[in-house]
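Okay, structure first, notes after.
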Amino acid sequence: MALQSDVDDAEPLDGDFARAVLTGLGEDAKNIPCQFLYDARGSELFEEITRLEEYYPTRTEIALLEACGSEIAALAGPGRAVVEFGSGSSRKTHILLDCLDDPAAYIPIDISHDALGEAAARLKQSYPGLAVHPLHADFNQGLELPARYGACPKLGFFPGSTIGNFTLDAAAEFLADAGDVLGANSDFLVGADLRKDLDILLPAYDDRQGVTSAFILNLIHRINRELGGDLDIGGFKHQAVYNDRLGRIEIYIISLVDQVVEIMGRRFALAGGERIHIENSHKYTVAQFQAMARDAGWASEHVWTDRRDYFSLHYLRRNGG
Ligand SMILES: C[S@@+](CC[C@H](N)C(=O)[O-])C[C@H]1O[C@@H](n2cnc3c(N)ncnc32)[C@H](O)[C@@H]1O
C-alpha cells in the first residue's frame with residue numbers, strides 16, 4: 001500500500017461517474033467527460049505517458065519551470081499559499097515550492113483520490129514545515145478553499161496544459177471562476193500547450209508503445225468494474241485526430257463492431273465505427289491565451305516559452321488586486 005495522506009473530501013463524487021456515463025452514452029453524439037479517465041489506474045497510466053519520448057509537454061514544461069524559477073519567485077513574493085488545480089502526482093510542484101520564498105501552504109486539488117493522497121503524503125515528507133491540505137474535488141463544481149488560509153495571498157498553479165481540455169468558452173469561464181476562488185491579490189501560473197506541426201502533436205496522443213491507448217481504454221475497464229458493465233475491451237480502440245478548425249486534438253473511443261452493451265441495467269446500441277468523444281486538448285497561440293485570460297480578469301505579467309515554441313507558461317495577476 002502506497003503512502004497516503006488524509007484527504008479533505010469536498011463533495012461526494014461517487015455518483016457522478018455513473019450519471020455521466022449513462023447520460024453521455026444516451027446522447028446522439030456519444031461522450032464521456034475526460035475527468036473520468038483518472039481513477040487510480042488511469043492516474044498511474046497518465047504518469048507513464050508523461051515519461052514517454054513522444055509526450056513532449058511534461059519535459060518541456062519542467063525545463064521551463066526549472067529555468068524561470070527565480071523569476072517566478074520574484075513575481076510571487078513571499079508567503080503565498082499555492083493552490084494547484086488537477087495536481088496529479090504533484091511532480092512539478094517540487095520545482096515551484098523549491099524556488100518560492102517561504103510558501104505559506106500547499107493546497108492540491110484533484111478528482112483522483114488515491115493519486116492526491118499519495119502525492120500529498122510525499123510532499124509532507126519532503127517539506128515537513130509546510131502546511132499541506134489536499135482537497136478531493138471536481139474543480140468544475142463550485143470549489144471552496146479551507147477558510148484557515150483565507151488571509152494568505154494565493155498563487156494558483158495549473159500546469160500540464162489541463163486548461164486545454166476545456167472548450168475555449170469553458171476555459172475562459174474556468175479562469176474567471178478560479179479568480180473568485182483564489183481571491184484578492186492572487187496570481188496564477190498556467191501552462192498552455194502551443195500549436196505545432198502534426199508530426200510532433202499526433203504521436204504525443206498516440207504513442208508507439210500503446211500507453212495512451214491503454215489510458216483511454218481504461219475507461220472501458222472502469223465502466224465494467226464500477227458500474228457492472230459488460231463491455232468487451234476487444235470491441236473498442238482509441239483514436240486521436242487533430243481538428244484544424246478548432247485548433248485541438250480530439251480523442252475518441254471507437255466501437256469496432258455493431259454491438260449492444262449493458263451498464264447498470266441500461267442497454268446502449270453502438271454501430272461499428274461509431275465514436276464516443278472522450279477528450280479535447282486545445283493548442284493555443286500565446287496571444288490567444290493572453291487575450292482569453294485578460295477577458296477573464298487576469299493581466300499577463302510574463303510568459304515564458306521554450307526555444308522551439310512547443311509550450312508556454314503564463315504568469316497572470318488578478319485585475320484589481
Ligand atoms: C493532464 S493531468 C495533469 C497532471 C499534472 N498537473 C501535470 O501537470 O502533470 C490532469 C490532472 O487533473 C485532474 N483532473 C482532471 N479533471 C479534473 C477535475 N474536473 N477536477 C479535479 N481534478 C481533475 C486529473 O486527475 C489529473 O491529475
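FYI, the numbering just counts along the sequence from 1. Whatever order the structure lists them in is the order used to number ligands and atoms, beginning at 1. Bear in mind the structure is a predicted one, so any value in this text is a computation, not a measurement.
- In the displayed structure, Asp6 atom CG is contacted under 6.0 Å by at most 12 heavy atoms of other residues, nucleotides or ligands.
- Atom CG of Asp199 has more than 12 neighbouring heavy atoms from other residues, nucleotides or ligands inside a 6.0 Å radius.
- Phe311 has its ring centre no less than 6.0 Å from the ring centre of Tyr56.
- A donor-acceptor pair under 3.5 Å is formed between the side chain of Thr167 and the backbone N or O of Ala170.
- The six-membered or imidazole ring of His314 lies away from that of Phe188, with a centre-to-centre distance of 6.0 Å or more.
- Between Phe157 and Tyr106, the ring center distance fails the sub-6.0 Å criterion.
- Residues of the protein with a heavy atom under 4.0 Å from ligand 1 are Gln35, Tyr38, Phe46, Glu84, Gly86, Ser87, Gly88, Lys92, Asp110, Ile111, Ser112, Ala137, Asp138, Phe139, Asn140, Pro159, Gly160, Thr162, listed by chain and number.
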